[in-house]
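See structure below.
Everything numeric in this text was worked out from a predicted model, so none of it was measured. Per chain, numbering begins at 1; letters A, B, ... match sequence-line order.
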2 protein chains.
Amino acid sequence: MNGDDSQPTRWLNEREREIWLALREFIWEFPAALDRQLQRDSEMSIVEYSVLAVLSECSGARKRAGDLASDLGWERSRLSHLVRRMESKGVVERMHSDIDGRGQDVVLTAAGWAAIRAAAPGHVTFVREAVFDALTPAEQDVLESALTRIRARIAEDGLWAGTAGPACPPVEPTPEDCGVEA
Amino acid sequence: MNGDDSQPTRWLNEREREIWLALREFIWEFPAALDRQLQRDSEMSIVEYSVLAVLSECSGARKRAGDLASDLGWERSRLSHLVRRMESKGVVERMHSDIDGRGQDVVLTAAGWAAIRAAAPGHVTFVREAVFDALTPAEQDVLESALTRIRARIAEDGLWAGTAGPACPPVEPTPEDCGVEA
DNA sequence: TTCCTTTAGTTGATGCGTCAATTACTCTGA
DNA sequence: TCAGAGTAATTGACGCATCAACTAAAGGAA
């Protein structure tokens with residue numbers, strides 16, 4: 001796909017332009033809006049939330065740094081920098097792995113648990129009200145299918161990088177599972 | 001909307017979680033994919049492209065910095081930093097305004113024209129093939145309507161910042177309009 | 001064991017966006 | 001005509017992401 005000069009460029013028509021502008025605005029503003037909601041209500045960024053969320057879902061609230069990075073679809077170094085900053089805020093800790101001398105585990109602290117438990121309801125409510133309450137189930141299906149097809153097209157071209165993993169847990173964070181007091 | 005603790009949080013169910021993960025991945029990866037395509041094929045970023053695109057569509061390929069910033073939905077300072085970098089690459093120039101001593105006009109140079117004319121076909125083709133060729137017209141309508149409603153919901157909450165303007169011209173850049181040779 | 005390769009994670013340099021402060025100019029009203 | 005308020009744009013500091021080294025440990029083969 002693309003890179004073929006033999007055909008004249010098919011420019012967008014008026015209707016397509018409208019749709020494209022809506023899509024374009026959406027992809028720039030929606031992530032920023034997620035960030036603003038969390039910053040406003042919970043004083044954390046969406047990326048910090050993502051880390052806490054993934055940790056809260058794994059047993060012992062503890063995970064190898066590399067696994068965490070690949071769950072999130074991030075580079076190791078991005079996670080490393082972020083974990084350092086989060087450690088200084090006291091929401092996570094680094095502990096060296098029992099099984100691999102090179103490894104570092106990232107662990108949720110009690111403060112981290114408190115932070116994710118406080119932030120999750122507001123975040124999920126925001127997503128539910130902004131997205132799910134705004135769309136019928138049929139529209140939700142079309143949306144998912146459309147986005148998935150767009151993704152597949154771009155992946156064919158080798159331009160879809162990440163499996164920007166789970167994160168933003170739609171399920172309730174349950175410290176009990178991990179032996180940490182709520 | 002939001003901020004109401006009186007009702008229990010409505011967590012996402014399995015189906016909603018699936019949809020949310022698809023949407024979430026999409027909003028993080030799609031902008032990055034646009035950037036990669038332009039970087040790969042035209043050695044420019046999507047934000048540089050946006051500036052060139054807006055300029056290419058205005059008469060004289062020249063526009064007040066402030067107007068340009070608001071067209072793009074950006075802060076003035078972001079544009080100022082970017083224009084400085086682009087000026088050093090030779091694709092735009094700054095000239096002080098005739099009508100307002102405080103003002104600066106940003107002007108497309110001949111090299112800037114060449115750059116946008118070379119990049120636009122590939123970019124538009126990428127968008128067409130990734131988005132429009134992947135969706136039926138009915139799906140395109142649902143998509144636009146869904147995104148617009150989500151946007152409206154978030155705007156009610158005061159969390160939708162920008163009118164991330166036009167940019168990424170779906171129409172062919174035409175230097176003739178501006179009295180610059182192709 | 002010893003050497004070599006691979007892997008885990010960190011670090012520092014760089015680039016970009018945001019925010020607050022600053023400069024320079026315009027506009028308004030006494 | 002001049003003081004004060006408002007506006008246009010720039011600048012510098014800071015936070016975060018990316019990339020290219022770099023350190024340290026694991027794994028494999030002779």
Spacing between B/Asp100 atom CG and D/dT7 atom P, to the nearest angstrom: 12 Å
Assert: residue with more 5' nearest nucleotide on DNA chain C, out of B/Glu75 and A/Gly103, is A/Gly103
Round to a whole Å and report the spacing from CZ of B/Arg64 to C1' of C/dC25. 11 Å
Should the heavy atoms of other residues, nucleotides or ligands under 6.0 Å from CD of A/Glu18 be counted, would the total exceed 12? yes
To the nearest angstrom, how far is A/Arg78 atom CZ from C/dG9 atom C1'? 17 Å
If you check the B/His81 side chain, which of D/dG12, D/dT10, D/dA9 turns out closest? D/dG12
Taking the nucleotide of DNA chain C with the nearest heavy atom to each, does A/Arg84 or A/Arg102 sit closer to the 5' end? A/Arg102
Considering only heavy side-chain atoms of A/Ser77, the closest of C/dG9, C/dG17, D/dT18 is D/dT18
Using the closest heavy atom to pick a nucleotide of DNA chain D for each, name whichever of B/Val83 or A/Ile99 lands nearer the 5' end. B/Val83
Classify the ring geometry between B/His123 and A/Trp20 as parallel (under 30°), tilted (30 to 60°) or perpendicular (over 60°). perpendicular
B/Gln39 has an atom CD; how far is it from atom C1' of D/dT18, in whole Å? 12 Å
Check whether any side-chain N or O of A/Arg85 sits under 4.0 Å from OP1 or OP2 of D/dA17, and answer yes or no. yes
Atom CG of A/Asp35 and atom P of C/dG17 are separated, to the nearest Å, by 15 Å
Regarding B/Ser45, tell me which of base, sugar-phosphate or nothing describes its non-hydrogen contacts under 4.0 Å with the strands shown. nothing
Shortest non-hydrogen contact from B/Trp11 to B/Glu16? O-OE1, 4.1 Å
Assign B/Ser97 to base, sugar-phosphate, or nothing according to its heavy-atom contacts below 4.0 angstrom with the strands shown. nothing
Minimum-distance nucleotide to B/Gln104 side chain [options: C/dT10, D/dA8, D/dT10]: D/dT10
Closer than 4.0 Å, any side-chain N/O of B/Arg76 to the OP1 or OP2 of D/dA8? yes
With a 4.0 Å cut-off on N to O distance, would you call B/Lys89 and B/Glu48 a salt bridge? yes
Length of the line joining A/Glu87:CD and C/dG9:P, which is rounded to integer Å: 14 Å
Distance, nearest 0.5 Å, that separates CD of B/Glu129 from CZ of A/Arg10: 6.0 Å
Rounding to a whole Å, what distance do you find between B/Leu68:CG and D/dA9:C1'? 13 Å
What is the distance, rounded to the nearest whole Å, between atom NE2 of A/His96 and atom C1' of C/dT10? 16 Å
